[in-house]
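Before any comments, here is the structure.
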Number of protein chains: 2
Amino acid sequence: MADEQRGRRGSYAKGVVKREEILERALEVIAREGYRGASVKELADAVGLSQAGLLHYFDSKEELFTAIVRKRDEVDLARFDPIDLSAASLADVREGYVSVVRRNAEVPGLVQLYSQMAVDAADVQHPAHGFFIERGENLRGMLASVIAARSESGDITDRIDPDALARILQAVADGLQVQWMLEPDVDMAGIVGQLFDVLVQAVPARTGDDRTA
Amino acid sequence: MADEQRGRRGSYAKGVVKREEILERALEVIAREGYRGASVKELADAVGLSQAGLLHYFDSKEELFTAIVRKRDEVDLARFDPIDLSAASLADVREGYVSVVRRNAEVPGLVQLYSQMAVDAADVQHPAHGFFIERGENLRGMLASVIAARSESGDITDRIDPDALARILQAVADGLQVQWMLEPDVDMAGIVGQLFDVLVQAVPARTGDDRTA
DNA sequence: GTCTATATGTTGATAGAC
DNA sequence: GTCTATCAACATATAGAC
């Protein structure tokens with residue numbers, strides 16, 4: 001795990017620290033100013049380095065952006081770290097799912113970066129290929145484990161197997177992002193909330209309004 | 001409508017015909033050999049023209065690829081032309097939806113092209129921006145109109161409004177494509193079929209096996 | 001209408017000074 | 001570790017011959 005996060009060079013001490021700083025800064029900038037297939041130079045300017053200076057820490061442009069996406073996930077996951085999945089209620093899962101989507105609507109640039117990278121990473125040669133596969137597996141694994149447990153107790157529809165259900169929840173979130181990039185008025189969180197309530201037969205009391213605005 | 005399909009130059013007679021020929025040929029090649037952000041030259045070679053010769057028919061690379069995506073839709077829609085939407089049963093809609101997804105699994109290159117373009121077209125400046133907005137509206141309009149009619153008669157869940165439901169069906173299809181590009185084993189048609197059956201409360205007799213393989 | 005040739009621009013990557 | 005300078009490798013778009 002740690003190995004994958006190191007570049008060829010910045011493997012020790014200060015190098016690693018600086019690297020992380022760069023990635024954090026890059027995420028801020030992209031979140032704020034958007035990402036449209038930015039060049040290394042553009043990003044370098046944004047984080048306060050020359051193009052060569054930035055590439056000192058990464059082997060290539062693709063590796064650089066792969067590291068950024070990785071870092072994004074790392075940051076996002078840290079927010080959910082405290083949650084114990086095995087003890088999570090369905091309402092917890094619902095709230096987690098919806099809140100992630102809601103939060104995405106606040107960082108257009110990151111949504112754009114993610115969508116772009118996800119498509120590019122379809123190429124087996126792309127450095128982020130393996131990452132996106134693993135990421136999907138982890139994401140769906142979290143969903144499916146909770147779903148499967150509740151499914152046995154009859155809380156959840158048994159007309160879709162947990163794996164397919166997890167794929168659907170992932171797909172809806174991803175697909176709505178594309179619709180939302182095209183039309184920012186789309187209420188992603190509200191829609192995924194509705195879907196969750198229908199797929200999960202037992203309707204829990206709504207904890208609040210899902211909508212962003 | 002016709003205007004949008006004409007380039008600056010090839011506006012008349014033979015030019016238009018040749019243009020359409022180019023687009024059809026491009027679709028074949030992309031469907032067969034894939035698309036990875038291909039350059040104009042690559043496509044030109046594939047369709048048997050020089051780069052300049054190809055750009056003779058289109059104002060720019062972006063316009064060219066926008067025309068290709070447009071053409072793809074045109075071809076696809078023609079296959080469903082005979083269907084009268086106002087008379088369509090729920091089973092018809094289900095079958096149409098599932099079969100489109102099933103067919104996509106046979107043309108990886110086109111899926112890749114579509115996904116890539118959809119992300120790029122998020123940019124308001126992109127020539128395909130308006131096209132993708134319209135396309136989404138049309139697609140969801142078809143779904144929503146049938147759904148709304150059935151919803152009143154109680155065939156469909158009323159816990160999701162027709163618009164949201166249509167967005168969900170669109171999003172799942174798009175999102176699954178990304179998963180499928182990453183992992184070609186994903187059974188897109190099977191999954192969307194299951195989803196449809198759950199969202200539409202009255203389970204129609206399955207007309208057959210949705211799976212591709 | 002199609003080609004060859006080329007203008008013009010950008011990119012990612014590297015070499016080498018400091 | 002970071003910069004400046006430079007490179008080769010494309011890309012798209014256009015000019016002009018045929």
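To find a chain, count down the sequence lines: A is the first, B the second, and so on, and within it residues start at 1. The shown structure was predicted, so the numbers you read here are calculated from the model rather than taken from an experiment.
If you check dC3(D), dG12(C), dA5(C) against the side chain of A52(B), the one that comes closest is dA5(C). Listed nucleotides dT12(D), dG12(C), dC3(D) differ in distance to L49(A); the shortest reach to its side chain belongs to dC3(D). The nucleotide whose nearest atom lies closest to any side-chain atom of S39(A) is, among dA15(D), dT4(D), dT11(C), dT11(C).
Y114(B) and F132(B) have their aromatic ring centers within a separation under 6.0 angstrom. When ring centroids are compared, F65(A) and F58(A) stay outside the 6.0 Å threshold.
Distance H56(B) NE2 to dT4(C) C1': 16 Å, rounded to the nearest Å. F58(B) has its CZ atom 15 Å from the P atom of dT14(D), to the nearest Å. A straight line from CD of Q51(A) to P of dC7(D) spans 15 Å, rounded to a whole angstrom. Taking atom CD1 of I22(B) as the reference point, atom C1' of dG1(C) lies 10 Å away to the nearest angstrom. D45(B) has its CG atom 14 Å from the C1' atom of dA11(D), to the nearest Å. In this structure, F65(A) places its CZ atom 15 Å from C1' of dA13(C), rounding to the nearest Å. Taking atom CG of L64(A) as the reference point, atom C1' of dT11(C) lies 14 Å away to the nearest angstrom. Remark: P of dG12(C) and CG of D59(A) are 15 Å apart, rounded to the nearest angstrom.
Between E20(A) and R25(A), no side-chain nitrogen of the basic residue sits less than 4.0 Å from a carboxylate oxygen of the acidic one, so the salt-bridge criterion is not met. In this structure, R167(B) does not pair ionically with D161(B), as no charged nitrogen and carboxylate oxygen lie closer than 4.0 Å.
The side chain of S60(A) contributes no N or O atom lying less than 4.0 Å from OP1 or OP2 of dG12(C).
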